[in-house]
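In listed order, ligands and their atoms are each counted from 1.
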Amino acid sequence: MPTRSHSLAVLPGDGVGPEVTDAALEVLDAAQQRFGFTTERTVVPLGAEHYLETGELLTEDTVAQLREHDAILFGAIGSPKVRPGILERGIILALRGAMRQAVNLRPVRLYPGVPTPIAGLEPQRCDLVIVRENTEGAYVAQGSTVHRGTPARTAVQESVNTWYAVERAVEFAYRLASVRRGRLTLCHKTNVLVEAGSLWLDVMEEVGQRFPDVETDYVHVDAMCMHLPVSPERFDVVVTDNLFGDIVTDLGAVVQGGLGVAASGNLNLEGTGTSMFEPIHGSAPDIAGRGWANPAGACLSLALLLGELGEGEAAATVEGATAAVLGQLPALAGEAMGASTGELGARIAAAVAEGSTSPVPGSLMGQLARVRTA
Ligand code: IPM
Ligand code: MN
């Protein structure tokens, strides 16, 4: 039987990006060995150093090159040497747009044994998925400023919401909810952003007719900031606009143990571009090079990537191994973890190789496979 082979573009990026990516790649090596597939990996040098050396952000050529790959594994991008907004817009947002990564999938799951700052929160109460619309909202319009340098300086920054993009995100969220616990919450701010809000509500209603078994709910984004930490069990799948999704997923990350453990998948839903998988955390230049970054977010993003490639068993095993190693740590970030980024990667890789940990029950990886093949 021919071996399954997948081609990966690896974008380690800046700061702690390369460290957590190395750890994830060691885990990938173990998964390949155990589950009998191979990957061909191309490292693409996008990020601050590359920009400072060449002046290049995401070019047409790089987009064409990335298109040839089955998936993109992304570390983190950003550096104090480059003004905020340049790399973020020129690389990350450009990639999400060019590859038509319509949704940004961000699981919020508290694994057993993992310390959370929310007192008394048991793992069984925290297992939700946030589906963030990934190409529009406040992220699309570049905005404009007039009367710069005068007291009349005026900045305009609008949010764009197309039926097309909102429908894609909402439809995906319904499908995911229908293979999970059958509950979908729209998170928005319809009491103030009435134009965008009513478009989202109308899409929810129209698409919902095709999913009679999914129960729906609505929560304002400000109220979400209370409900998410206090009663995460209220949520199964949450669908939301790009900027709200950016904000509430950092909150979600904290609930599940911190930014270092949160994963994401930027998914192209139609086969018109390559999906990209990245930990939610940034490049953390202040701790780069010390081995203090938690590689769990990168490893769980790898698990999502493996699910995307159809390596479901490997995906669930990487998730289970990462969850088990995380659950034994005294702290989730910095020196207090008691082990370096590399050591943690090696521990997760060993657990994958030995098959010493079990897949988590009700794993998102299996649910995604069902959504993607439906
Ligand atoms: C994220 C990040 C990005 C975003 C930035 C770096 C552009 O915060 O992936 O959540 O706002 O989407
Ligand atoms: Mn963010």
Side-chain angles (χ1 to χ4, degrees), residues 11-18 20-21 24 46-48 50-51 57-58 71-108 128-143 157-161 165 169 187 221 224-225 228 238-268 274-286 288 293-294 296-298 300-302 304-305 333:
L11 276 64
D14 307 314
V16 299
V20 298
T21 304
L46 278 177
H50 183 73
Y51 172 69
L57 295 163
L58 183 68
I72 302 167
L73 184 66
F74 190 99
I77 274 182
S79 160
K81 293 189 227 157
V82 182
R83 190 156 50 80
I86 296 187
L87 303 170
E88 292 83 347
R89 294 217 300 209
I91 299 176
I92 304 182
L93 303 184
L95 258 175
R96 290 176 183 166
M99 292 303 176
R100 299 195 195 192
Q101 294 159 351
V103 301
N104 195 324
L105 188 73
R106 299 190 158 184
V108 180
L128 59 130
V129 186
I130 299 179
V131 175
R132 166 182 175 191
E133 193 289 313
N134 205 31
T135 58
E136 298 194 336
Y139 281 70
V140 83
Q142 302 294 306
Q157 194 119 47
E158 284 182 319
S159 155
V160 173
N161 299 260
C187 168
V221 64
M224 185 57 138
C225 295
L228 182 55
V238 175
V239 66
T240 191
D241 136 286
N242 205 347
L243 183 58
F244 298 150
D246 179 44
I247 297 165
V248 298
T249 55
D250 270 26
L251 178 61
V254 166
V255 174
Q256 67 183 324
L259 276 173
V261 311
S264 80
N266 298 269
L267 306 183
N268 176 298
T274 312
S275 296
M276 175 167 89
F277 299 82
E278 51 170 329
I280 290 190
H281 64 73
S283 58
D286 51 324
N294 193 325
L300 293 168
S301 301
L302 171 71
L304 289 168
L305 178 150

*Asks:* Quick one: nearest non-hydrogen protein atom to atom 9 (O) of ligand 1, plus distance?
*Replies:* Arg96 NH2, 2.7 Å

*Asks:* Are the side chain of Glu133 and the backbone of Thr135 linked by a donor-acceptor contact shorter than 3.5 Å?
*Replies:* yes

*Asks:* So do Val129 and Val238 actually touch side chain to side chain, heavy atoms under 4.5 Å?
*Replies:* no

*Asks:* Compute the shortest N/O to N/O distance between Asn104 and ligand 1 and return yes if it is under 3.5 Å, no if not.
*Replies:* no

*Asks:* Does Ser275 reach the main-chain N or O of Asn268 with its side chain, forming a donor-acceptor pair under 3.5 Å?
*Replies:* yes

*Asks:* Run the side chain to side chain contact (heavy atoms under 4.5 Å, CB included) test on Phe74 and Ile92 for me, step by step, so that the C-alpha distance in whole Å, both residues' side-chain angles and the decisive distance to 0.1 Å come before the verdict.
*Replies:* CA-CA 10 Å; Phe74 190 99; Ile92 304 182; 3.8 Å; yes

*Asks:* List ligand 1 atoms under 4.0 Å from Arg132, heavy atoms only on the residue side.
*Replies:* 1 (C), 4 (C), 10 (O), 11 (O), 12 (O)

*Asks:* Check for a donor-acceptor pair, side chain of Ser283 on one end and backbone N or O of Gly15 on the other, with a separation under 3.5 Å.
*Replies:* no

*Asks:* Apply side chain to side chain contact (heavy atoms under 4.5 Å, CB included) to Leu267 and Phe277, showing your working.
*Replies:* CA-CA 8 Å; Leu267 306 183; Phe277 299 82; 3.8 Å; yes

*Asks:* Is Asn294 reaching over with its side chain to a backbone N or O of Val261, donor-acceptor style, under 3.5 angstrom?
*Replies:* no

*Asks:* What's the count of protein N, O or S atoms under 2.8 Å from the Mn ion (ligand 2)?
*Replies:* 1

*Asks:* Give me the nearest non-hydrogen protein atom to atom 8 (O) of ligand 1 as residue plus atom name, then the distance to 0.1 Å.
*Replies:* Asp246 OD1, 3.3 Å

*Asks:* Using modelled atom types only, decide if a donor and an acceptor are shared between the side chain of Ser264 and the backbone of Glu278 within a distance under 3.5 Å.
*Replies:* yes

*Asks:* Identify, for atom 11 (O) of ligand 1, the protein heavy atom at the shortest distance, and state residue, atom and that distance.
*Replies:* Tyr139 OH, 2.6 Å

*Asks:* With a cut-off of 6.0 Å (strictly less than), are more than 12 heavy atoms of other residues, nucleotides or ligands near CZ of Arg100?
*Replies:* no

*Asks:* Output, in order, the C-alpha distance, side-chain angles, deciding distance and verdict of side chain to side chain contact (heavy atoms under 4.5 Å, CB included) for Met276 and Leu95.
*Replies:* CA-CA 9 Å; Met276 175 167 89; Leu95 258 175; 3.6 Å; yes

*Asks:* Can you find a non-hydrogen atom of Arg89 under 4.0 Å from ligand 1?
*Replies:* no

*Asks:* Would Arg106 count as being in polar contact with ligand 1, using the rule that some N or O on each side must be under 3.5 angstrom apart?
*Replies:* yes

*Asks:* Determine, using heavy atoms of His281 and all atoms of ligand 1, whether some pair is separated by less than 4.0 Å.
*Replies:* no

*Asks:* Applying a strict 4.0 Å limit to heavy atoms, is Ile280 in contact with ligand 1?
*Replies:* no

*Asks:* Tell me: protein heavy atom nearest atom 5 (C) of ligand 1, and distance?
*Replies:* Glu88 CG, 4.3 Å

*Asks:* I'd like to know if the side chain of Asn134 reaches the main chain of Gln101, judged simply by a donor and an acceptor atom lying under 3.5 Å from each other, with no hydrogens or angles considered.
*Replies:* yes

